[in-house]
Q: 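If you scroll down you'll find the structure; I have some questions about it.
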Amino acid sequence: MIALWLALQAVAAPPPAPPGPPPAAPAPAPQLAPFHEMAEAIASRDIPRFKAAWHPEGWDHNLVGGSGLSGEAVAGQAKSEGWRLVPDPDTLAKHTEGPAWIVRAGVVAGDGRQVDAVHAVLVSHGGRWVVLGAGENPEQVMALADRAVHGKPFAPPPKGPPPPKEALPGPPPPPR
């Protein structure tokens, strides 16, 4: 019985690693460059550099909706609270209908702890990749990506009272 167990262990063992340096890590996707720029900008307290990593409309306005912030607000929080956005390259996905990408990014504190997570929309603007908007709600982020891909205004639909209901056919109700 022990001989059988030893034989199975030998078969299941992975082959030894070849001698020499480990294989090089794949190059980061170019769409993730804005995250590197933002991290460097926060480290050097260079807000204009942080701003350059954002689409101008996303810098000035929260384009995601209730779960998002403008780029300017993100920069302010990152600077004052000492965190950075760290993308997860395994979650980088191209929008199925056009040139927008979505990625999940951790909000990482200065001590390396992930304290939150957001999703971000990345688009090409002025010959480089930039963040169009970011937020915690993936559905709101995807809606922004849809608006970008279909050429609609970036701003989310305004909040407000629901539109008036259509009047029912027939005479109006009697006054009370």
Side-chain angles (χ1 to χ4, degrees), residues 27-166:
Q31 294 87 347
L32 300 179
F35 293 96
H36 174 74
E37 290 298 316
M38 288 186 287
E40 293 282 323
I42 288 302
S44 62
R45 305 188 93 39
D46 184 353
I47 296 303
R49 184 174 180 187
F50 195 102
K51 182 178 181 179
W54 282 75
H55 187 283
E57 286 187 56
W59 175 259
D60 292 332
H61 306 285
N62 170 11
L63 302 178
V64 171
S67 76
L69 294 171
S70 68
E72 185 173 24
V74 171
Q77 282 189 6
K79 181 180 172 186
S80 68
E81 297 174 20
W83 51 255
R84 66 191 188 286
L85 295 174
V86 178
D88 178 355
D90 293 337
T91 67
L92 182 64
K94 187 175 187 304
H95 191 286
T96 57
E97 299 176 25
W101 292 76
I102 297 116
V103 68
R104 184 178 185 279
V107 179
V108 178
D111 63 5
R113 289 178 302 114
Q114 181 172 322
V115 295
D116 205 351
V118 297
H119 291 80
V121 177
L122 303 157
V123 295
S124 180
H125 178 75
R128 51 184 287 181
W129 290 100
V130 294
V131 177
L132 179 59
E136 294 176 343
N137 183 320
E139 291 170 358
Q140 291 177 344
V141 173
M142 188 63 185
L144 172 58
D146 287 341
R147 292 190 300 273
V149 164
H150 294 113
K152 295 183 178 178
F154 293 146
K159 288 184 178 181
K165 294 182 180 179
E166 295 286 314

Q: Given side chain to side chain contact (heavy atoms under 4.5 Å, CB included), test Val131 with Leu122 step by step and report yes or no.
A: CA-CA 5 Å; Val131 177; Leu122 303 157; 3.8 Å; yes

Q: Hey, is the main chain of Leu63 close enough, under 3.5 Å, to the side chain of Arg147 for a donor-acceptor pair?
A: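 Yes.
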
Q: Measuring from Trp83:CH2 to Gln114:CD, what's the distance to the nearest 0.5 Å?
A: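 Trp83 CH2 to Gln114 CD: 12.0 Å, rounded to 0.5 Å.
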
Q: Search all heavy atoms of Ile42 against all heavy atoms of Ala78 and return the closest pair with its distance.
A: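 Nearest pair, atom of Ile42 first, then Ala78: CD1-CB, 3.7 Å.
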
Q: Quick one, Val103 with Phe35, criterion side chain to side chain contact (heavy atoms under 4.5 Å, CB included). Give me CA distance, side-chain angles, the key distance, then yes/no.
A: CA-CA 11 Å; Val103 68; Phe35 293 96; 3.8 Å; yes

Q: Of the non-hydrogen atoms in Ala100 and Val121, which two are nearest, and what is the gap between them?
A: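 Heavy atoms of Ala100 and Val121 come nearest at CB-CG1, 4.4 Å.
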
Q: Is the backbone N or O of Ser67 less than 3.5 Å from a side-chain atom of Gln140, with the two atoms forming a donor-acceptor pair by type?
A: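 Pair found, side chain donor or acceptor close to backbone of Ser67.
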
Q: Can you tell me how far the CZ atom of Arg128 sits from the CD atom of Gln31, to the nearest 0.5 Å?
A: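 The CZ atom of Arg128 sits 13.5 Å away from the CD atom of Gln31.
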
Q: So, taking the atom named OG1 in Thr96 and the one named CG in Asp146, what distance separates them when rounded to the nearest 0.5 Å?
A: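 The OG1 atom of Thr96 sits 7.5 Å away from the CG atom of Asp146.
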
Q: Is the side chain of His150 donor-acceptor paired with the backbone N or O of Lys152 at a distance under 3.5 Å, no angle test?
A: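 No.
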
Q: Which heavy atom of Glu136 sits nearest a heavy atom of Val118, and at what distance?
A: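 Looking at all heavy atoms of both residues, the closest pair is CG-CG1, 4.1 Å.
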
Q: How close do Ala109 and Val115 get, counting heavy atoms only, and between which atoms?
A: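 Minimum heavy-atom contact is CB-CG1, 4.1 Å.
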
Q: Please give me the minimum heavy-atom distance between Val130 and His125, naming the atom from each residue.
A: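 For Val130 versus His125, the nearest heavy atoms are CG2-CB, 3.7 Å.
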
Q: Hey, could you give me the CD/CG distance between Glu72 and Asn62, rounded to the nearest 0.5 Å?
A: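 Reported to 0.5 Å precision, the distance equals 12.5 Å.
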
Q: Between atom CG of Leu32 and atom CH2 of Trp129, what is the distance when rounded to the nearest 0.5 Å?
A: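 If we round to the nearest 0.5 Å, Leu32:CG and Trp129:CH2 are 10.0 Å apart.
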
Q: Report the C-alpha distance between Gln77 and Val107 in whole Å, list the side-chain angles of each, state the deciding distance to 0.1 Å, and finish with yes or no for side chain to side chain contact (heavy atoms under 4.5 Å, CB included).
A: CA-CA 11 Å; Gln77 282 189 6; Val107 179; over 6 Å; no

Q: Would you say the rings of Phe154 and His61 are close, in the sense that their centroids are separated by under 6.0 Å?
A: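 Judged by ring-centre distance (under 6.0 Å), His61 and Phe154 do not meet the cut-off.
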
Q: If every non-hydrogen atom of Trp59 is compared with every non-hydrogen atom of Ile47, which pair is closest and at what distance?
A: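 Minimum heavy-atom contact is CH2-CG2, 4.0 Å.
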
Q: Please walk me through it: do Arg84 and Met38 pass side chain to side chain contact (heavy atoms under 4.5 Å, CB included)?
A: CA-CA 7 Å; Arg84 66 191 188 286; Met38 288 186 287; over 6 Å; no

Q: Among all residues two or more places apart in sequence or in another chain, which pass the side-chain hydrogen bond (donor to acceptor under 3.5 Å, both in side chains) test with Arg49?
A: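 With neighbours one apart ignored, the set is Glu37.
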
Q: May I ask you to test the Pro138-Arg104 pair for a side-chain heavy-atom distance under 4.5 Å?
A: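 The answer is no; the side chains never approach within 4.5 Å.
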
Q: Once you round to the nearest 0.5 Å, how far does CD of Glu57 lie from OG of Ser70?
A: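 It comes to 13.0 Å.
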
Q: Got Leu92 and Pro87 here, is their nearest side-chain heavy-atom distance under 4.5 Å?
A: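 The answer is no; the side chains never approach within 4.5 Å.
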
